[in-house]
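Below you'll find the structure, written out as structure tokens, and then a few comments.
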Amino acid sequence: MDLSSLKDEQNRLALKLNLKDRISPNRVRFVAGIDLTYLNIWKNPTLGIAALVVWDVKEKSIVDVFYYEQEVDFPYIPTFLAYRELPLVLGVFKKCNVEVDAFMLDGMGIIHPRKLGIAAHFGVVCDVVSLGCAKSHLIGVYDEPANVPGDYKPVFVENELRGFVMRSRKNANPIFISPGNNITSHSAVETTLLCLEGYRLPQPTRLAHNYLQQYRRKLLSR
DNA sequence: GCGACAG
DNA sequence: ATCTTGTCGC
């Protein structure tokens, strides 16, 4: 694989980013969380499974759940995650027939060397509102948020604000929130806050992850 | 040159 | 990212 040409593609797609709000965060009601798992992470071509959970932030309830399976070949390479996971994300996205206000992905939005983490990449390709909620650091400088739920601090890359690092739950490691597409850094945080229900991860991606574990277990136990 | 590096 | 129950700390 030629990483330099993939870099070129990331730079080209990043030019299409819209970092303004397509929808005001206080009008967001349905947030879709997308997550992936693999049948055998130690094998290279292996079956990948994607889940998409639509979460109603007003009713605090699950609207619908969708799944998609496909063989995955591309390896995990930091800053090129989308080339491994995007085919699965697009597959489950096409299955979703519910009107979604914003898509939340596991991973970075524009907190990425070329502003094109998987959430940004997906948002540009599908022209939807998207944001990234990552569980760990990739790049960027920041101060640790206080140990108080909801506290957050800016994350800078090349002296530019790219997102926020938030203490979503007391005594838990912070999460990294950044715009994907058609949303501001501030609205990405607001949208995440709407989805926090006492767990470290916001409900859409947390539930997608949980449903995937069940789905995967059933596949393995037969 | 060295270390860090989403999932 | 997975395996895997109980256990410790706030």
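Chain A is the first sequence line, chain B the second, and so forth, proteins listed ahead of strands; every chain is numbered from 1.
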Task: Is_stacked (A/Tyr76, B/dG7) at 5.5 Å, 30 deg - done: yes

Open item on the list: Tell me whether A/Leu52 shares a hydrophobic cluster with A/Leu207, the cluster being built from Ile, Leu, Val, Met, Phe, Trp, Tyr side chains joined at under 4.5 Å.
Closed with: no

Open item on the list: From CD of A/Gln214 over to P of C/dT2, roughly how many Å is that when rounded to an integer?
Closed with: 14 Å

- [ ] Kindly say whether the aromatic ring centers of A/His137 and A/Tyr142 come within a distance under 6.0 Å.
- [x] yes

Open item on the list: Nearest to the A/Lys170 side chain among C/dC10, B/dA6, C/dT2, which nucleotide is it?
Closed with: C/dC10

- [ ] Under 4.0 Å between any heavy atoms, over every strand shown, what does A/His112 touch: base, sugar-phosphate, or nothing? Just pick one.
- [x] base

Task: Linked, directly or transitively: A/Ile177 and A/Leu201 (ILVMFWY side chains, under 4.5 Å) - done: yes

Task: Residue closer to the 5' end of DNA chain C, A/Asn147 versus A/His209 (nearest nucleotide) - done: A/His209

- [ ] Take the protein atom CD1 of A/Ile77 and the nucleotide atom P of B/dG7, then report the distance between them rounded to whole Å.
- [x] 16 Å

Open item on the list: Can you measure A/Arg206 atom CZ to C/dA1 atom C1' for me and round it to whole angstrom units?
Closed with: 18 Å

- [ ] Return the value, rounded to whole Å, for the distance between atom CG of A/Leu81 and atom P of B/dG7.
- [x] 8 Å

Open item on the list: I'd like to know whether the aromatic ring centres of A/Phe176 and A/Phe164 sit less than 6.0 Å apart in this structure.
Closed with: no

TODO: Quickly work out the A/Leu212 CG to C/dT2 P distance and round it to whole Å.
DONE: 8 Å

- [ ] Starting from C1' on C/dA1, measure out to CD1 on A/Ile41 and report it in whole angstrom.
- [x] 5 Å

TODO: Calculate the interatomic distance between A/Asp106 atom CG and C/dA1 atom C1'; express it in whole Å.
DONE: 10 Å

TODO: Would you indicate, yes or no, if C/dT2 has its OP1 or OP2 atom less than 4.0 angstrom from a side-chain nitrogen or oxygen of A/Tyr38?
DONE: no

Task: Under 3.5 Å: donor-acceptor pair, side chain of A/Ser187, backbone of A/Thr184 - done: no

Open item on the list: Without decimals, in angstroms, what is the distance between A/His137 NE2 and B/dG7 P?
Closed with: 12 Å

TODO: Using a heavy-atom cut-off of under 4.0 Å over every strand shown, decide if A/Phe80 touches base, sugar-phosphate, or nothing.
DONE: base

Open item on the list: Just so I know, are the side chains of A/Val31 and A/Asp101 near enough to count as touching, which here means a heavy-atom distance under 4.5 Å?
Closed with: no

Please produce a list of atom pairs where a protein N or O lies less than 3.5 Å from an N or O of nucleotides 3-8 of chain C.
residue : atom : partner  : partner atom : Å
C/dC3   : OP1  : A/Arg216 : NH1          : 2.3

TODO: State, without any angle test, whether A/Arg114 and A/Thr79 hold a side-chain donor-acceptor pair at a distance under 3.5 Å.
DONE: yes

- [ ] Quick one: label A/Ile118 by what it contacts on the DNA or RNA (base, sugar-phosphate, nothing), any heavy atom closer than 4.0 Å.
- [x] base

